[in-house]
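Just below is one structure, and these are the notes that go with it.
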Amino acid sequence: MDSIIERINHNKFWHFHGGIHPPEQKALTASKPIKQLPLPKQLIIPLQQHIGRQGDLLVKVGVQVLKGQPLTQSSNPMAVPIHAPTSGIISAIKKSVIAHPSGLSELCIFLDVDGEDTWLTRKICHDYTKLSQQDIIHKIADAGIAGMGGAGFPTHIKVNAKPEINFLIINAAECEPYITADDLLMREHSDAIVDGIKILAQVLNPAFILIGIEDNKPQAIKALQHAAKDVEKIKVCVLPTKYPTGGEKQLIKVLTGKEVKSGALPIHSGIVMQNVATCFAISDAVINDIPLIRRVVTLAGQALSKPQNVWALIGTPVSHLLEQTGFTNEYENSAITNTSIANPPVANPPVTSPPVIMGGPLMGFSILNEQVPIVKTSNCILAPSKAEMPSAFADKSNEVECIRCGQCAEVCPSQLLPQELQWSAKAKDHQQLSKLNLFDCIDCGACAYVCPSQIPLVQYYRIAKAEIRQQQQLDIKAEKAKARFEARKLRLEKEKIAREEKHKKAAAARKAMLDKKAADGSSASSAVAAALARVKAKKEAKENANKPQVESTKSSDNNISDDKSQVNAAIARAKAKKLAKKTANKLTESEQAKELAANSTETHEKVAELAITNKKTTTQDKSSQDKKAKIAAAVAKAKEKAKEKANKTHEQTPPLSGVAKEEVNISTKEKEDKKVRVAAAIAKAKAKAKTKKEQEKQPSPTDKEST
Amino acid sequence: MAFWIASSPHNHNQAETSALMKLVIYALLPGVFAQWYFFGWGNLIHISLAITTALTCEFIVLSLRSKSKTNNISKQLFDGSAILTAILLGICLPAIAPWWISVIGAAFAIVVVKQLYGGLGHNPFNPAMAAYVMLLISFPIQMTSWQPPLNLMNIDLGLSNTLATIFTGFTSEGYSVEQLRTSIDGFTMATPLDTLKTNLDLGFTTFEILESNIFTNSLPSGLGIAYGWEWINIAFFSGGLVLIAKKAIAWQTPLSFIVSLLVCTFIAYSISPDSSASSLFHWLAGGSMLGAFFILTDPVTGATSVKGRLVIGALAGLLVYLIRTFGGYPDGVAFAVLLCNMAAPLIDQYTRPRTYGHGIDNKANKHTGAN
């Protein structure tokens, strides 16, 4: 540790391997101060502008919001809230294209600006040294601060570090060409930045604070040195200009000589790194209670007539920024018309619109259309002209075969072998790619910048990384599916075994019983014998049905069930009443026969009901009026149906009206009996089936008929 | 308004493979000029023949392959790689070898050694060297008909005569190749290395051998090491330095080759000065400098890692010395190069550089703070 400090004091920094020196192009925007733009008409604020999860919405469409009002809240540590950058009315919450290379749409809040710019009431903190660590971390979290250097990691998690911190490194390098946002911010607001650093120091209590800045920013260096001269711990370290000095791992290596182990975070080595813009936002949040609602954005490129740095509100659509800086589309007056949708999926389509890049030329991504909003991590909008950046306008690749010249390996800051990676990526050799440490690639683009064969190396690596990740996801899924399948197989086998045991036991029991019966002879307790007895009894019942001795029939039928005598009694009463009514009305024999049939069916109905009740002895529900009515209705329905059936069968028999009464009385009685019996048997079977169906529908016994 | 989608990085240093090849060709020119100055038009004619054959063969093969590739054939044809191969082959051939030697050699180099293995970037062996070795083994007489330096010849050999010799085997006056090779003294001349080797076998000591006039500086522009060849090697050496300065080739391979050759020959010379030549002789005779700067540094067939390049150079130096001293052929550069090409992938695998963040001990990191 001491050796590190000694070297830093002597300005003898370390080096990282590789790196390139692309033309800086910073003079274009570095000479002008940061401009305050007029308010745009509408802001499109994505709900997620950081690594992590979306917050929960606090507002709805149509609500009036004030400047600085939180629009989402975080219920999860990885969620960072967003705030309204200006006052206005929420006009929509829907999916819209976000600032991501994929060009996909995510949920965004559309805020119609009312132009008043009214603030929420804020509480200024006059002495932040009195705040506790947790207070400061809460303030940072509530202000929605995420890393503004490009990655967007939630700051409150990063600064909520428990182990002892050796170094707090402030990344002021800004190594990428064209971008001067941090440079201007340091020149104009170095005091606020140093305040932010002091706040961080209060939270983290590091042993040393290092500000890494490249030597192409002399004014910013002076400003920082001046602002930090009272703070002992802070050392402004001026580093030689090289891309990518601003990469986290590379900056750590240059300032401290330590390498971050692959797969580990800098915090594990006792180092925390924050961007200068994040420090500025922290000071705003803790001292002035201003949430993260604006940031400095560099607008550069030769397609703009007024390139400069601006204060852009979060959510400003790129169209507003391009308008304000005089963007000219060099394809506008050409014969090729612009399409309003994304480029058509044709191989090598002609270039019809210029590219607009969010970020720098080496790591930035081209955005889909001008509705894409500025988010917390956007530090530059680059609108190049064709002469300036011909490779961005290429409609077909100039790629040639790799000649293994090795220049890519010379410039790789992660000391990888890009050409080997490229061979393996083209061959989709995932194993070899993992062996070559593909995931240590930081996507800086230095290798593709120098490649003489103009191979788009970074693109191949991105595709390979995506494929490997996808394969890993599929593998996890497959593992889970396999575990599920194994468990299911086991379960089914167990059930099968259990079933077989049960069958065996039942078969054994049956066998035992049969053996016993064979020994005893037929007994009334055997189920088969009981059934036969039942049939016999019914036959007798039919023969007795002519006499209005319904009770006896009933009673004969009741041989089966002893415990439902009350039910049977009630049924018998009902029957008697009916018969009496019928005979009083001087029914014709046919009707009487019908009655007989009906009676017999009724008896069979009753038998069926008894069967139901037999079955329902186990389920003793409390009787209710509804159930009573339901049962009565079901029975009536079944009866009607049975009656119809009986009538049908009855019609098949010769109409009794044409037969003499006596005949009916005597001869047809027997015939009738037979026919009635047949009909009754058929009806019985049908009724049984029906009542079974009903019984399944309405699981309630017929006890209610008993008083 | 929709924008054009491109993938990062959007900036490029606009280097091109063809530019690299052209640079190498320009760096060869001093050596070619020296060859012309001392040995006449023979090599230039062979170079032209080789270039023509190479381009024709490459065109045919690329047209056959273009069904699967969508690249522009003419761009591929003129990216300089075929021309470079042809020039290298033309330089290596004896000046008065028949014309079909260079035609067969160039065709073999392009079709078999380069394209059949997959085209640019995929060939494991250096095409020019593989073709040279094939020719040497198949046509030993033609490939060993070395023309003596112009100043040592007793028959005038102008451009038309050289053309006649190459295409017909006889000069316009009727002299045969063998007669051309007979020097003023009446001996059939060979290269310095060949002379050395033959005479050492015959039992002469080095001192005696070196008195022959192809070794002394009794002839105009002679340096006293190996007449003609010394200047050619010096020219190639300077061309190579230009390439290193322009970062077209890596410096590790040439340096390691030269040092390794120095070490081997120095040890040999110290042990037995009577039967071995000096280090300077070995450096400036034969194809040492051409091999060091232009053939071993071929990116496609050489090693890619820094350590690997050092190993390849050292191995090549050792092999050249061994073949020259103990082998059957006077000059071993071609064979040494092919053997190193064979070994390159294995060397690459074992000399992979350490990636950032790997192979470090966290404890050591914390205490010493330096890597």
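All figures in this text were calculated on a predicted structure; none of them were measured in a lab.
- To the nearest 0.5 Å, atoms OG1 (B:Thr301) and CD1 (A:Ile403) are separated by 11.0 Å.
- Only the side chain of A:Pro390 has a heavy atom closer than 4.5 Å to any heavy atom of chain B.
- Taking A:Gln454, A:Glu388, A:Gln459 one by one and counting their heavy-atom pairs under 4.5 Å with chain B, the maximum is reached by A:Gln454.
- Around CZ of B:Phe59, the count of heavy atoms belonging to other residues, nucleotides or ligands within 6.0 Å does not exceed 12.
- Neither the backbone nor the side chain of A:Phe16 comes within contact range of chain B; no heavy atom of the residue lies under 4.5 Å from a heavy atom of that chain.
- Looking at A:Glu401, its side chain never comes within 3.5 Å of a backbone N or O of B:Gly121 through a donor-acceptor pair.
- Taking a cutoff of 4.0 Å between a charged side-chain nitrogen and a carboxylate oxygen, B:Lys247 and A:Glu410 do not qualify as a salt bridge.
- To the nearest 0.5 Å, the span separating CG on B:Asn11 from OH on A:Tyr178 amounts to 6.0 Å.
- Only the side chain of A:Val458 comes within less than 4.5 Å of a heavy atom in chain B; its backbone stays farther off.
- Heavy atoms of A:Leu322 lying under 4.5 Å from chain B belong exclusively to its side chain.
- When B:Asn13, B:Thr17, B:Leu20 are compared by the number of non-hydrogen pairs under 4.5 Å with chain A, B:Asn13 comes out ahead.
- Only the side chain of B:Asp348 comes within contact range of chain A, with heavy atoms under 4.5 Å apart.
- Residue B:Leu120 touches chain A through both its backbone and its side chain, counting heavy-atom pairs closer than 4.5 Å.
- Between A:Tyr449 and B:His12, the angle of the ring planes lies from 30° to 60°, which puts this pair in the tilted group.
- The structure places NE2 of B:His10 at 11.0 Å from CE of A:Met363, a figure rounded to the nearest 0.5 Å.
- Annotation: maximal heavy-atom pairing with chain A below 4.5 Å, among B:Val300, B:Thr297, B:Ile249, occurs at B:Val300.
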- Full working for side chain to side chain contact (heavy atoms under 4.5 Å, CB included) between B:Tyr356 and A:Asp440: CA-CA 8 Å; B:Tyr356 179 106; A:Asp440 281 317; over 6 Å; no
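- With a 4.5 angstrom heavy-atom cutoff, A:Ile367 touches chain B via backbone and side-chain atoms both.
- Rounding to the nearest 0.5 Å places CZ of B:Arg352 at 11.5 Å from CG of A:Leu416.
- Interface remark: A:Gln407 contributes side-chain atoms only to the contact with chain B (heavy atom separation under 4.5 Å).
- Using a 4.5 Å cut-off between heavy atoms, A:Ala409 does not touch chain B at all.
- Within the 4.5 Å cutoff, the side chain of B:Thr304 has heavy atoms near those of the A:Glu420 side chain.
- When side chains are defined from C-beta on, B:His358 counts as touching A:Ser262, because their heavy atoms get closer than 4.5 Å.
- A 6.0 Å sphere centred on NZ of A:Lys426 holds more than 12 heavy atoms belonging to other residues, nucleotides or ligands.
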